[in-house]
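We use all heavy atoms of the structure for the numbers below, so side chains are in, but hydrogens, waters and symmetry mates are not. Note that this is a predicted model, so its numbers are computed, not measured.
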Amino acid sequence: QVQLVESGGGMVQPGGSLILSCAASGFTTDVYAIGWFRQAPGKEREGVLCISNSDNKTYSHGSVKGRFTFSRDNAKGTADLQMNSLKPEDTAVYYCAAAITRDRTLVFLTLKEYPYWGQGTQVTVSS
């Protein structure tokens, strides 16, 4: 019954901003890591931002450092991805993923480490 639902995608011009949201439900524990991934047409799905349950450890893909930030509210079961200075190469379907962990400090970086996924939201950056 675990469910992740992304929202906030759309079309934006280069240099614009979007906020993606992930709503989680059905977890029996609030101790889980969150990751944002993206997949462009014809490309492999790649990690964008991954964060530990305690919010004090993160991974950022080199192409988004300084432009994307990630926040979460464990009590509400929500997480947001703030995307700034968007570029055409950011165009992709963005997915929220979750992994239950006993360690609040762990950050998971690979697709296989995340058993729970949302269905994605499209982000298109074009002039």
Side-chain angles (χ1 to χ4, degrees):
Q1 291 293 96
V2 172
Q3 186 176 23
L4 301 174
V5 180
E6 304 95 338
S7 63
M11 181 175 291
V12 64
Q13 292 186 333
S17 299
L18 285 174
I19 300 176
L20 304 184
S21 295
C22 177
S25 62
F27 287 96
T28 59
T29 176
D30 64 349
V31 184
Y32 52 88
I34 293 290
W36 280 97
F37 294 77
R38 67 186 181 187
Q39 187 167 18
K43 302 292 185 179
E44 296 291 325
R45 191 172 300 185
E46 64 180 5
V48 178
L49 280 173
C50 303
I51 190 168
S52 64
N53 179 262
S54 64
D55 292 345
N56 60 1
K57 293 184 178 180
T58 61
Y59 161 81
S60 299
H61 192 277
S63 67
V64 306
K65 287 183 178 179
R67 299 191 297 121
F68 292 8
T69 58
F70 193 176
S71 63
R72 64 185 294 174
D73 187 328
N74 289 337
K76 296 181 179 180
T78 59
D80 292 341
L81 179 67
Q82 175 69 59
M83 309 167 67
N84 299 318
S85 301
L86 285 162
K87 304 175 181 179
E89 52 263 43
D90 294 319
T91 296
V93 177
Y94 283 72
Y95 297 88
C96 178
I100 297 174
T101 176
R102 296 179 180 179
D103 190 337
R104 295 178 181 268
T105 69
L106 292 179
V107 178
F108 300 107
L109 307 178
T110 66
L111 299 177
K112 293 184 177 181
E113 291 175 301
Y114 289 94
Y116 307 110
W117 292 81
Q119 294 191 345
T121 184
Q122 177 72 48
V123 173
T124 302
V125 185
S126 176
S127 60

* **From CA spacing to verdict: side chain to side chain contact (heavy atoms under 4.5 Å, CB included), N53, R72** => CA-CA 9 Å; N53 179 262; R72 64 185 294 174; 3.5 Å; yes

* To do: Please confirm whether the backbone N or O of S25 pairs with a side-chain atom of Q3, one donor and one acceptor, at under 3.5 Å?
  => no

* **Test log, rule side chain to side chain contact (heavy atoms under 4.5 Å, CB included), inputs Y94 and L18** => CA-CA 12 Å; Y94 283 72; L18 285 174; over 6 Å; no

* **Spacing of T101 atom OG1 and E113 atom CD [to the nearest 0.5 Å]** => 9.5 Å

* Taking all atoms of both residues into account, what is the closest heavy-atom pair of P14 and S127, and its distance? -> CD-N, 3.7 Å

* Asked: Is it the case that one hydrophobic cluster holds both V2 and I100, taking links as side-chain heavy atoms less than 4.5 Å apart, direct or via other members?
  -> yes

* Asked: When clusters are formed by joining ILVMFWY residues with side-chain heavy atoms under 4.5 Å apart, either directly or through shared neighbours, do L111 and Y116 land in the same one?
  -> no

* Asked: Do T121 side-chain atoms and G9 backbone N/O form a donor-acceptor pair below 3.5 Å?
  -> yes

* **Shortest non-hydrogen contact between T58 and I51, atoms and distance** => CG2-CG1, 3.5 Å

* Common cluster, L106/W36, ILVMFWY with side-chain heavy-atom separation under 4.5 Å -> no

* Just wondering, are more than 12 heavy atoms of other shown residues or ligands nearer than 6.0 Å to CD in E89? -> yes

* **Under 3.5 Å donor-acceptor, Q82 side chain and T69 backbone** => no

* **With sequence neighbours excluded, residues passing ring-ring contact (aromatic ring centres under 6.0 Å, His included) with F108** => none

* Does one side chain, of T78 or D73, offer a donor that lies under 3.5 Å from an acceptor on the other? -> no

* Looking only at side chains, do S71 and D80 share a donor and an acceptor under 3.5 Å apart? -> no

* **Residue pair S52 / V107, side-chain heavy-atom distance below 4.5 Å** => yes

* To do: Would you give the length of the straight line joining atom CZ of R38 to atom CG of L20, rounded to the nearest 0.5 angstrom?
  => 11.0 Å

* Asked: Hey, is the main chain of V125 close enough, under 3.5 Å, to the side chain of T91 for a donor-acceptor pair?
  -> yes

* Asked: Would you say F68 and L81 make side-chain contact, with heavy atoms under 4.5 Å?
  -> yes

* Asked: Is the shortest heavy-atom distance from the side chain of E46 to the side chain of H61 under 4.5 Å?
  -> yes

* Asked: Considering only heavy atoms from C-beta outward, does the side chain of D90 approach that of R67 to under 4.5 Å?
  -> yes

* Indicate whether the side chain of D103 and that of T105 have a donor and an acceptor atom separated by less than 3.5 Å. => yes

* Asked: Is R45 close enough and on-axis enough to Y95, meaning under 6.0 Å and within 45°, for cation-pi?
  -> yes

* Quick one: does NZ or CZ of R104 land under 6.0 Å from the six-membered ring centre of Y32, within 45 degrees of the ring axis? -> no

* **Hphob cluster co-occupancy, M83 + L4, side-chain heavy atoms under 4.5 angstrom** => yes

* Structure fact -> Taken in chain and number order and not counting sequence neighbours, the residues that satisfy disulfide bond (SG atoms under 2.5 Å apart) with C50 are none

* Shortest non-hydrogen contact from I34 to A79? -> CG2-CB, 4.4 Å

* Asked: So which heavy atom on F27 is nearest to which on A98, and how close?
  -> CZ-CB, 3.7 Å

* **Hphob cluster co-occupancy, W117 + L49, side-chain heavy atoms under 4.5 angstrom** => no

* Measure the shortest side-chain to side-chain distance between S126 and P88 over non-hydrogen atoms and say whether it is less than 4.5 angstrom. => no

